[in-house]
Amino acid sequence: MDPRFEEEAPATQYYDNALFERLRRNYRSNSLSTPLLTDIRYATRADIQSHWPDEAHRKTGSSMISAGDVGAVILCGGLATRFGGGAKAAVELLPGWTLLRVKLEALAGVAAAHDTTLAVIVVVSPATELAVLKVLESQSHARLRIKVVTQSVLPRLLEDGHLLLQADGTQSFSPPGHGEVPKLLAAHHSIDGISPRLWQISNIDNLLATLDADIVGAHIASKMDATVEVAPGTATDVGGYLTYGPHGFEILEGFQVDPSDRPTQEFFLNTNTFLIGGTAISAGERLPYYAVTKTTSDRRTAVQFEQLLGGIGSLISLNAVAVPRDGNMSRFRPMKLIEDLHESRSAVVAALEASGLINW
């Protein structure tokens, strides 16, 4: 095991029973029901002041990264159920190149370009923990200080409020969503003496969301508490809508929006790549829980309790940076399905080659 890699004590199937029982009571009393919103003002390009690339703020961002003031969080809690099973982090983009290896190599490239050492937190779920640890055992990056942090879990319910049991009679658990990340950062804000002022958060399946000086600089210049990268939406995108209201930008998920009021013209999509600092981390404690329904492998409806990281805009000031979705300049090519992996592979490899961060 690389001595620069640190593992947190596993939290496998740990949950706060008092929290769970409170959420179950609220679910049964319909207190967690989400009213569908209408008359929404979707943000347009004219509303967004920051567009990538942004050379005007590059120097500021580079200085922050060089000083070790920016860390990275990689969200690796997802299972590769649509890739044939296992942890998504262990899926290979190219032979020998898992998605997690690609993310770490890109971060190492950023660290080398800025002559610094980066703090990296790899967030896993109990279901992906062992697979991610196995991938990390074969990795060694002198310029990265890596810590694995395991999300908590909550029991899942049937729609009638009773516990959802698996085929063997044991309880079914799920993590409480990406909205738990601020809480995890509050507890794990320093790695080997490196205590970043800002953290970039990105999904394991969006390999193009590299740590970028332009975006860090644009965030600092905005004087906002958090920054989200957004990309042009398409007709097939549902949820993660960037909206603009009296208090600035907010993000709404599909289940919060009346289907009749979904955007039909220009809109921007949350890429789930964020920069957050101390104020946003503190505010994350107040993110509400939602009862989200999922379909199990045996076709039952499961209810799980989740916090949405995108909801941070309702609690603090949120900046948005518009990023390209296509071409070598793209910063958003998510791979949710095995078909996405096949279709995106060549474009992702080309884009990362063009960035100069990875030598395949």
Side-chain angles (χ1 to χ4, degrees), residues 2-5 50-76 89 93-94 96-122 135-136 138-147 190-222 227-229 271 273-277 321-324 327-333 347-360:
D2 186 340
R4 290 173 294 275
F5 161 70
S50 301
H51 298 264
W52 187 87
D54 183 3
E55 294 184 21
H57 300 113
R58 186 171 299 167
K59 185 176 180 180
T60 300
S62 290
S63 297
M64 288 279 293
I65 296 172
S66 296
D69 284 335
V70 188
V73 177
I74 307 173
L75 302 175
C76 295
L93 177 71
L94 297 172
W97 286 83
T98 63
L99 301 190
L100 182 53
R101 180 186 176 188
V102 175
K103 292 285 276 191
L104 293 174
E105 292 282 355
L107 285 169
V110 172
H114 291 83
D115 192 23
T116 193
T117 301
L118 294 178
V120 180
I121 291 178
V122 179
V135 171
L136 287 172
S138 62
Q139 303 296 301
S140 179
H141 297 287
R143 290 187 176 274
L144 303 181
R145 298 293 182 267
I146 303 170
K147 185 173 188 177
S190 181
I191 304 176
D192 289 349
I194 305 174
S195 302
R197 293 165 49 198
L198 289 176
W199 291 91
Q200 185 215 38
I201 303 168
S202 66
N203 285 348
I204 184 63
D205 61 24
N206 184 15
L207 300 179
L208 301 183
T210 55
L211 181 57
D212 183 81
D214 289 18
I215 293 178
V216 174
H219 170 74
I220 297 299
S222 76
T227 287
V228 60
E229 294 184 35
T271 67
T273 302
F274 289 83
L275 275 171
I276 67 173
V321 176
V323 300
N328 280 358
M329 297 294 285
S330 172
R331 287 185 57 82
F332 185 56
R333 289 296 290 260
V348 168
V349 169
L352 288 172
E353 272 185 1
S355 74
L357 296 177
I358 292 184
N359 295 314
W360 303 103

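Quick note: numbers below take in every heavy atom, side chains included, and nothing from hydrogens, waters or symmetry partners.
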To the closest 0.5 Å, what do you measure between [atom1] ([X]) and [atom2] ([Y])?
X: Phe274; Y: Leu198; atom1: CZ; atom2: CG; value: 14.0 Å
X: Ile65; Y: Asp115; atom1: CD1; atom2: CG; value: 13.0 Å
X: Asp214; Y: Glu55; atom1: CG; atom2: CD; value: 7.0 Å
X: Lys147; Y: Ser190; atom1: NZ; atom2: OG; value: 8.0 Å
X: Ile358; Y: Arg101; atom1: CD1; atom2: CZ; value: 9.0 Å
X: Ile201; Y: Ile121; atom1: CD1; atom2: CD1; value: 9.5 Å

If only atom types and distance count, is the side chain of [X] paired as donor or acceptor with the main-chain N or O of [Y] below 3.5 Å?
X: Thr273; Y: Glu229; value: no
X: Ser222; Y: His219; value: yes
X: Ser355; Y: Leu352; value: yes
X: Asn206; Y: Arg331; value: yes

Using every non-hydrogen atom in the two residues, find where [X] and [Y] come nearest and quote the distance to one decimal.
X: Pro196; Y: Gly71; value: CB-N, 3.4 Å
X: Arg145; Y: Ala142; value: NH1-O, 2.9 Å
X: His114; Y: Ala213; value: NE2-CB, 4.3 Å
X: Leu93; Y: Val348; value: CD2-CG1, 4.1 Å
X: Leu208; Y: Ala351; value: CD2-CB, 3.7 Å
X: Ala106; Y: Thr210; value: CB-CG2, 4.0 Å

- request: Give the C-alpha distance, both sets of side-chain angles, the deciding distance and a yes or no for side chain to side chain contact (heavy atoms under 4.5 Å, CB included) between Asn203 and Phe332.
  value: CA-CA 10 Å; Asn203 285 348; Phe332 185 56; over 6 Å; no
message: Assess the residue pair Lys103 and Leu207 against the criterion (side chain to side chain contact (heavy atoms under 4.5 Å, CB included)); give the C-alpha distance rounded to whole Å, side-chain angles, the decisive distance to 0.1 Å, and a yes or no.
response: CA-CA 6 Å; Lys103 292 285 276 191; Leu207 300 179; 3.7 Å; yes
message: With side chain to side chain contact (heavy atoms under 4.5 Å, CB included) as the criterion, how do Met329 and Val323 come out once you've worked through the C-alpha distance, each side chain's angles and the decisive distance to 0.1 Å?
response: CA-CA 9 Å; Met329 297 294 285; Val323 300; over 6 Å; no
- prompt: Side chains of Thr116 and Val110: closer than 4.5 Å at any heavy-atom pair?
  reply: no
message: Before you tell me yes or no, could you show the steps for Val216 and Thr227 under side chain to side chain contact (heavy atoms under 4.5 Å, CB included), namely the whole-Å CA-CA distance, both residues' side-chain angles and the distance that decides it to 0.1 Å?
response: CA-CA 9 Å; Val216 174; Thr227 287; over 6 Å; no
query: Looking at Arg58 and Asp212, does any basic side-chain N land under 4.0 Å from a carboxylate oxygen?
result: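 Salt bridge flag = no for Asp212 with Arg58.
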- prompt: Which of these passes side chain to side chain contact (heavy atoms under 4.5 Å, CB included) with Leu104: Leu99, Thr98, Leu118, Ile74?
  reply: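 Per the side chain to side chain contact (heavy atoms under 4.5 Å, CB included) rule, the option paired with Leu104 is Ile74, out of Leu99, Thr98, Leu118, Ile74.
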